[in-house]
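Structure, as structure tokens:
Computed over heavy atoms, backbone and side chain alike; hydrogens, waters and symmetry mates excluded.
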Amino acid sequence: MGVRVGADVGGTFTKAVAIDAVTGELAGRAVVPTTHNHPDGVSAGVVEVVAKLVAEVGAQSIELVTHSTTQAVNALLEGDTVPVGVLGMARAPYLRKARSRTSISRAAAHEFLDLSAGFDAGAARQALARLADAGAQAVCVAEAFAPDDSACEDAVAALAAELGLPVTTSSGLTGLYGLELRTVTAALNASILPIALRTAEVVEAGVAAAGVRSPVMVMRGDGGATDLSGFRAAPARTLYSGPAASVAGALRTLRIGDGVIIEVGGTSTNVAAITAGRPALSYVRVAGQATAVRALDVQVAGVAGGSMLRVRRRRIYGVGPRSAHIAGLTYSCFLPPERLTGARPETLAPRPGDPADYLALRLADGTLAALTNTCAANALGLVPDGDYAAGHRRSATAALDIAGEVLGLPGTELARRMMQASTEALADLVTAVATQHRLTEPTLIAVGGGASVLGRPLAGTLGLDCQIPPGAEVISSMGDALSLVRAERERTISRSGSQSTDADVDALIAEVEAEALAAGASPTSLQVQVSQITDRGAIRAVAVGALVLGSGVVPGRPPLSREAIVDVARAAGGSERVDPVGRFWLSSLDGRVLLFDRFGDSALDVRGEAILLDGSAGEALAVTVESVVSRHIRHVGPVTVQPTTWVVQDGRIRELANPNAIVDTLGSGAAVGAAAVIVGRA
């Protein structure tokens, strides 16, 4: 049996699962406390939990280890970064602007090179030495218009490596114009390079020490995975990889159209949107500054399963944000009922500097027990038997009865009010996320250890359907284990704002395909989607593929049959007729076009029309496309709004800015069922 291992670092626990690479069945699980205070940081917990799984399933059966990490986020939040020196470069007439735009607040030191007369390696080496002398422990290199030609940035990076300085080039992370944006992004990445290198070394060595000889991957913040070399070069891409793993796990176990996912942990709840079966991504902001790194658009609330009751003046003041885990207390509902005999309520400050209004129980033996949302949910009978959050209902009821005496409330009423306060706080956030992403009737998907505690009560408050997937408490680890390789690149089209050419698109596709293949993706599994970023005058290419394991297995869900795809299309509002188009399936009904990948996941949902090629990609097709495009042109006053056009061929989806480029994009070899043109609006 070959298994994939996924490990997720949570705020309280680090959990891992082993999943059969062929059947997708859970083959093992392990959990350890998250090692925040270990010299190796949370990476030590990843190593420890993988070692526990090795003892359960055997090292030889493990074909892949993927983990999501909080290391990058923790480094930024806790200031565990290194001073970064910025080396800016430009040619006349852009010298003054470039010098200004590379002088960013994050920089510990700044140097600038005038390249008007060409690149001078000696001058660059001296500038790097001055940065190091000024205290820089990592370097960011940013040249004006480097996306057009990165040769000078790459040359400086090679010199920095000779000097032993970790380095990030601005064009290495993004192909977008905007020198300050690229500089900020590269400096952010450079500041966490040393800790990323240590993390990679600890995990790689620890996994090997456990006897595992398989590849080690790291979850990215956009829901895909990269190999350790990718992590070492661009750790910023792993920001928010934990929440991304939860969303990936939910999407691999449930069929979701529009939804809001809440990951209910012990201390906090993450909230993210799913639109048309895809996670909503956004550009990461750090300390108020925008970056060119895209990750899951996640919002965080300080209320969760372990959030503690607060009281002031004999009234409920709220629940959280401190949790029993942060306070170092056990949940009252997880104690045997007899332990609560003789307990009395007592207020406390969980941490120095916290208000002393958190209500706990002082037990007869002198220890303290927390009153949490999980206790309230158990007391009200909201947690099913056998659930991860299930405790002793008698203990929960007794604990809240004791606490209720302080407030003059029956224990059940206290529990109800705790749940009401928590669900109302989350309801505001879920509503805001749904509104932001224009979701009118989303399904609420609850995951995490506290899914049953707050999921259904919150859905009831909002009037939404609620789904809790199997294994909700380890869904992040499952998302890690089942992750796909992902590579993404963006590139500004040109300084003049002209439309992208076939050469631009082909070059970008080649880059992301090469990156995905280098990370181990199967060539036959690759899917590439190209889209226009109109507000930035850029194009984006995303390549996704399954990793080939040592056994030759390409893991993950098996592709669906035509009959199964028909059921998926029907459920999504499409027709019973589905047509194969390369590695996709297409369904049209009443002016709506649905495109699904081989697994039945939504790739496009368009109001418009589809043209299945009939063997010609010449003049006849051009006439047909022109007719279809004309039917979908909108006139808003004096403005003519063109529809969007996509070309679907093999494993690629290309969004075109100019419908006239369709024939050139398809080439001369399009055959029946091999390609399609979709015209309309997503």
Original post:
Is the CD atom of E441 crowded by more than 12 outside heavy atoms at less than 6.0 Å?
Top reply: no
Original post:
Do NZ/NE/NH1/NH2 and the carboxylate oxygens of E204 and R232 come within less than 4.0 Å?
Top reply: yes
**OP:** May I have the step-by-step check of salt bridge (charged side-chain N to carboxylate O under 4.0 Å, His left out) for D601 and R255, ending in yes or no?
**Re:** CA-CA 8 Å; D601 291 335; R255 194 163 299 287; 3.7 Å; yes
Original post:
Roughly how far, to the nearest 0.5 Å, is the CD1 atom of I192 from the OG1 atom of T81?
Top reply: 9.0 Å
Subject >> Heavy-atom check, side chain of F231 versus side chain of T238, under 4.5 Å >> reply: yes
**OP:** Without swapping roles, check the side chain of T34 against the backbone of G10 for a donor-acceptor pair under 3.5 Å.
**Re:** yes
Original post:
Take atom CG in D365; do more than 12 heavy atoms of anything else shown fall under 6.0 Å from it?
Top reply: yes
Subject >> Closest contact, heavy atoms only, T185 versus V293 >> reply: CG2-CG2, 3.7 Å
Original post:
Will you find, in the side chains of S476 and E263, an N or O donor that is under 3.5 Å from an N or O acceptor?
Top reply: yes
Subject >> NZ/NE/NH1/NH2 to OD/OE distance under 4.0 Å, R416 and E413 >> reply: yes
Original post:
Which atom pair, heavy atoms only, marks the closest approach of A481 to V17?
Top reply: CB-CG2, 4.4 Å
Original post:
Under 4.0 Å between a Lys/Arg side-chain N and an Asp/Glu carboxylate O for R198 and D40?
Top reply: no
Original post:
Are there more than 12 heavy atoms of other residues, nucleotides or ligands under 6.0 Å from atom CZ of R315?
Top reply: no
Original post:
Roughly how far apart are L193 CG and Q137 CD, rounded to 0.5 Å?
Top reply: 12.0 Å
Original post:
Is there a donor-acceptor contact under 3.5 Å linking the side chains of S307 and S323?
Top reply: no
Subject >> R536 to Y283, cation-pi by 6.0 Å centre distance and 45° axis angle >> reply: yes
**OP:** Taking the side chain as every heavy atom from C-beta outward, state whether V298 and V271 have any atom pair closer than 4.5 Å.
**Re:** no
Original post:
Are any of the side-chain heavy atoms of T412 and L400 separated by less than 4.5 Å?
Top reply: no
Original post:
Quick one: do the D297 and H437 side chains pair a donor with an acceptor below 3.5 Å?
Top reply: yes
Original post:
Counting N and O atoms only, with roles assigned by atom type, does the side chain of T269 sit under 3.5 Å from a partner on the main chain of G265, one being a donor and the other an acceptor?
Top reply: no
Original post:
Any side-chain donor-acceptor pair under 3.5 Å between S477 and D8?
Top reply: no
**OP:** Answer yes when E473 and R29 have at least one side-chain N-carboxylate O distance shorter than 4.0 Å, and no when they do not.
**Re:** yes
**OP:** State, with a plain yes or no, whether a side-chain heavy atom of I262 is found less than 4.5 Å away from one of I445.
**Re:** no
Original post:
Are a donor atom and an acceptor atom from the side chains of Y331 and H325 found within less than 3.5 Å of each other?
Top reply: yes
Original post:
Is any side-chain heavy atom of P279 closer than 4.5 Å to a side-chain heavy atom of L251?
Top reply: yes
Subject >> T443 side chain reached by I256 side chain, heavy atoms, under 4.5 Å >> reply: no
Original post:
T66 and D480: side-chain donor and acceptor closer than 3.5 Å?
Top reply: no
Original post:
Between D20 and R4, is the closest basic N to carboxylate O distance under 4.0 Å?
Top reply: no
Original post:
In Å, rounded to the nearest 0.5 Å, how long is the span from CG of L361 to CG of L340?
Top reply: 6.5 Å
Original post:
Are the side chain of N378 and the backbone N or O of G391 linked by a donor-acceptor pair below 3.5 Å?
Top reply: yes
Original post:
Is a side-chain N or O of T397 found less than 3.5 angstrom from the main chain of R394, in a donor-acceptor match?
Top reply: no
**OP:** State whether the side chain of T367 and the backbone N or O of L363 hold a donor-acceptor pair below 3.5 Å, judged by distance alone.
**Re:** no
Original post:
When rounded to the nearest 0.5 angstrom, what distance separates CG in L444 from CD in Q467?
Top reply: 9.5 Å
Original post:
Any side-chain heavy atom of V9 sitting closer than 4.5 Å to one from H67?
Top reply: no
**OP:** Answer whether the closest heavy-atom distance between the side chains of V247 and L296 falls below 4.5 Å.
**Re:** yes
Original post:
Is the backbone of G224 close enough, under 3.5 Å, to the side chain of R220 for a donor and an acceptor to pair up by distance?
Top reply: no
Subject >> Distance-minimising heavy-atom pair for S422 and L454 >> reply: CB-CD2, 4.0 Å
Original post:
Does D222 pair with R486 as a salt bridge, N-O distance under 4.0 Å?
Top reply: yes
Subject >> Distance in Å, D465 CG paired with R456 CZ, rounded so as to fall on 0.5 Å steps >> reply: 12.0 Å
**OP:** Rounded to the nearest 0.5 Å, what's the gap from CG on L380 to SG on C375? Could you check?
**Re:** 11.0 Å
Original post:
For the residue pair N373 and M419, what are the closest heavy atoms and their distance?
Top reply: O-SD, 3.8 Å
**OP:** For N270 and V300, indicate whether the former's side chain and the latter's backbone hold a donor-acceptor pair under 3.5 Å.
**Re:** no
**OP:** Could you give me the CA-CA distance, side-chain angles and deciding distance for D258 and I274, then say whether side chain to side chain contact (heavy atoms under 4.5 Å, CB included) is met?
**Re:** CA-CA 5 Å; D258 288 345; I274 300 294; over 6 Å; no
**OP:** Would you check if the side chain of S332 reaches a backbone N or O of A370 as a donor-acceptor pair within less than 3.5 Å?
**Re:** yes
**OP:** Indicate yes or no for a side-chain donor-acceptor contact from T35 to the backbone of G41 under 3.5 Å, with no hydrogens or angles considered.
**Re:** yes
Original post:
What are the two closest heavy atoms between K52 and A30, and how far apart are they?
Top reply: CB-CB, 3.8 Å
Subject >> Heavy-atom donor-acceptor pair, R310 side chain to V319 backbone, under 3.5 Å >> reply: no
Original post:
Looking at A290 and L181, what are the two nearest heavy atoms and their distance?
Top reply: O-CD1, 3.7 Å
